[in-house]
Structures are given as structure tokens and as C-alpha cells.
Amino acid sequence: MLHGRNFAAVLHAARMGDDWAWKALYDELAPGLLGYLRARRAARPEELLGEVMLQIVRDLASFGGGNWDLRVWAFTIAHNRLRDEEARGAAKPTEPIRFPATAHLDPLWAPSVERVGRLLALLDRDEQNVILLRILGELTCEEVGKVIGEEVDTVDALQLQGLETLRSELAKEVATI
Amino acid sequence: MSSSDLAGFLADVRAAYLSEPDETVASRHLEAIAREYEATLPRRAPDRDWWRKLIANRFVRRDVTP
């Protein structure tokens, strides 16, 4: 995490406005946040990522905690922004999945990405949130519970249901080959 | 990279979505972060004129001057 830098030192430097510290925090958080926003089909994932980071800048003075607390906080902001977007009807769940920028470079990559999106779309929204926060956010069930505002038992149950759906769909794929 | 087992599929999820933002996007974000910081959390640079302000403060001056 943070390429071996001491988190407290990075946090202190960020609070003092040092650019290197903000870059370190951005590099740490951005890939997972962007992945989550893309996978949850945000209308403009890059813009939303920018908004999440600006919210962190605005509220960092009141933040207290360690590296993983920051991660949980960042994903909570992202999750809430997605919910706001969905409430406004800005998210477009019927649109084809957005491929990562690198996907266009390799024609062999796109079908796999499309398959991932198709299988994830079989999960309901809560199951998707749990699976994606676990995989892309690298969060524990307890941390996911903090992000989505659910008890850890509920998160466990959603994860189990989601994984069972995926397992069953993957078995069907094998059967049809 | 197509995987039929669950662990392989979850690895595919990471591979499909986890990537660093485009360089131009990242630099735009970092510029916006710097601007937002300046707007919301003014740099706490040491005030070199603190002693002059202290002497000019009439409430303090009453106590420190004979």
C-alpha cells in the first residue's frame, strides 16, 4: 500500500497540501474506485471518480483513521454517488458495458470483458455491490457492510447468493461447450 | 482469459475492470485536487509576522507594555 510509504506521513502531507501526497493517495485509490464505477455502469465513471476525490479533499481535515479506513471512506463516497446517480436516472443499465481503455488495444480481450459484464448483470444490484467491492475494492465483508450500510450477516448472505448464481451460470457455460 | 471456474471468473472481473485511469484523466484530476485544496484547505504556512501582529494586538499590548 502506498508503495511502502508511511500512511500517517502521506496523510499529514496531503493535509498540508503537498502534491506528491495527493498523487500517492490518488494512485492508491483511483484504480479500484474507477473499476467499481465502471463495473457498476456509472454514466461517466471518470467524472465520478474526480468528484469522489474532490469530496475526499474537502473532508480530509475531519478524517481520522488508517489506510483501510480511508479506502472504506472513499468507496462509501463512490457508492453514495452511484446511488444518487441512479436516483436521478443518470445511470444507464441497458447500455452495453463500457470496456476499459486498454480493452480496445487487444481484440482478444473484448469478448472476455463482455462475458464478465454479461454474467455480472445476472446478479441483482446489492449482490453486484458486494461482489465488486470485495473483488475490486479488496474490502472485507465487514468493510463492505460499512460502505453499503448493511450488517455483516446481510453482506455474507448477499455474497453467498451472488457467488451461487455465478457458479451456476458458469456450470451452464461448461455444459453448453 | 476465459475461465469456467468461479475463482478464475473473479480473477477475470479484476482483469476486466481494474486499471489505472488514463494519463490525461489522472493529470486533470490531480490539477482539480490541487485547486480544490487551495479553495478549501488553505496552506498552513508558518506566519513570519506573528510577533509583529502580537505587538500590534491592543489587548496583548496592554499586558506586555509597562
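This one's a predicted model, so the numbers in the text were calculated from it and none came from an experiment. Labels below follow one simple rule: chain letters A, B, ... track the order of the sequence lines, proteins then strands, and each chain is numbered from 1.
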| CZ (A/Arg83) with more than 12 external heavy atoms under 6.0 Å | no
| said: So A/Leu34 and B/Tyr17, do their side chains get closer than 4.5 Å, heavy atoms only? | reply: no
| said: If we ignore hydrogens and angles and just use 3.5 Å, is the side chain of B/Tyr37 paired with the main-chain N or O of A/Leu54 as donor and acceptor? | reply: no
| said: Would the distance check show the side chain of B/His29 and the main-chain N or O of A/Glu46 forming a donor-acceptor pair, the cut-off being under 3.5 Å? | reply: yes
| message | To the closest 0.5 Å, what do you measure between CE (A/Met53) and CG (B/Leu30)? | response | 7.5 Å
| query | Is the shortest heavy-atom distance from the side chain of A/Arg115 to the side chain of B/Asp12 under 4.5 Å? | reply | yes
| query | Taking the side chain as C-beta and beyond, is there a heavy-atom pair between B/Asp5 and A/Leu170 under 4.5 Å? | reply | no
| query | Does a sphere of radius 6.0 Å around CD in A/Glu138 hold more than 12 heavy atoms from other residues, nucleotides or ligands, not counting ones at 6.0 Å or beyond? | reply | yes
| Using non-hydrogen atoms only, which part of B/Ala26 is less than 4.5 Å away from chain A: side chain, backbone, both, or neither? | both
| task | Establish whether A/Phe75 and A/Val152 are linked, either directly or via other cluster members, by ILVMFWY side-chain heavy-atom contacts under 4.5 Å. | result | no
| said: Taking CD in A/Glu47 as the centre, count heavy atoms belonging to other residues, nucleotides or ligands within less than 6.0 Å. Is the count above 12? | reply: yes
| task | Verify the neighbour count for atom CD of A/Gln55: are there more than 12 heavy atoms of other residues, nucleotides or ligands below 6.0 Å? | result | yes
| query | Of the backbone (N, CA, C, O) and the side chain (C-beta and beyond), which part of A/Leu132 lies under 4.5 Å from a heavy atom of chain B, both, or neither? | reply | side chain
| query | Do A/Val116 and A/Leu122 belong to the same hydrophobic cluster, where Ile, Leu, Val, Met, Phe, Trp and Tyr are linked whenever their side-chain heavy atoms lie under 4.5 Å apart, directly or via other members? | reply | yes
| note | Cut-off 4.5 Å, heavy atoms of chain B, and the answer for A/Ile131 is side chain
| query | In terms of hydrophobic clustering (I, L, V, M, F, W, Y; side-chain heavy atoms under 4.5 Å; direct or indirect links), are A/Leu139 and A/Leu160 co-clustered? | reply | no
| field | Residue part contacting chain B, namely of A/Glu164, when any heavy atom lies under 4.5 Å | value | neither
| task | Report yes if some heavy atom in the side chain of B/Ile33 is under 4.5 Å from a heavy atom in the side chain of A/Asp19; otherwise report no. | result | no
| task | Please examine the side chains of A/Leu119 and B/Val13, heavy atoms only from C-beta on, and report whether any two atoms are closer than 4.5 Å. | result | no
| request: Check B/Pro21 against A/Leu49 and note the closest heavy-atom contact, atom names and distance. | output: CG-CD2, 3.9 Å
| said: With a 4.5 angstrom heavy-atom cut-off, is it the side chain or the backbone of B/Arg28 that approaches chain A, or both, or neither? | reply: side chain
| message | I'd like to know if A/Ile56 and A/Phe63 are part of one continuous hydrophobic network [Ile/Leu/Val/Met/Phe/Trp/Tyr, side-chain heavy atoms within less than 4.5 Å]. | response | yes
| query | Among the clusters formed by ILVMFWY side chains lying less than 4.5 Å apart, do A/Tyr26 and A/Trp68 turn up in the same one? | reply | yes
| query | Is it true that a side-chain atom of A/Arg167 and a backbone atom of B/Leu6 form a donor plus acceptor pair closer than 3.5 Å? | reply | no
| query | Hey, what do you get for CD (B/Glu31) to CH2 (A/Trp22), rounding to the nearest 0.5 Å? | reply | 15.5 Å
| Least distance between heavy atoms, B/Arg14 atom then A/Leu136 atom | CA-CD2, 3.9 Å
